[in-house]
Amino acid sequence: MPNKGYSPEQIIHKLREAEVLLSQGNTIGLACKKIGVSDFTYYRWRKEYGGMRVDQARRIQGTGARKTPG
């Protein structure tokens, strides 16, 4: 299966969707299924992007692309 390569904006949107589903009483497995990712991916994304806003994720993505010489 090809890698979907979600952008940081899409990841944050999916994490918010999952939060809403979880607050409605769904299990993590069911919420992950509804947003279209595996449990592992959900936890990895939550660890990396949890609590971020879209503009913060863009800033991180922009700085990660630039490498300092040395």
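Being a predicted model, the structure only gives us computed values, none of them experimental.
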Between Ala18 and Ala31, what is the shortest heavy-atom contact and its length?
O-CB, 4.3 Å

By side-chain contact (heavy atoms from CB on, under 4.5 Å) - contacts of Thr41 (at least two apart)
Val37, Ser38, Arg44, Trp45

Co-membership, hydrophobic cluster, residues Ile35 and Val20, 4.5 Å side-chain:
no

Sequence neighbours left out, what passes side-chain contact (heavy atoms from CB on, under 4.5 Å) with Lys34? Give chain and number order.
Leu21, Asn26, Leu30

Using 0.5 Å steps for rounding, measure from the CD1 atom of Ile28 to the OH atom of Tyr42.
5.0 Å

How long is the straight-line distance from CD1 of Ile12 back to CD of Glu48, given to the nearest 0.5 Å?
10.0 Å

Gap between atom OH of Tyr49 and atom CD of Gln10 - 0.5 Å precision:
10.5 Å

Can you list everything that forms a side chain to side chain donor-acceptor pair (under 3.5 Å) with Glu19? Sequence neighbours excluded, please.
none

Using 0.5 Å steps for rounding, measure from the CG atom of Leu22 to the CD atom of Gln24.
9.5 Å

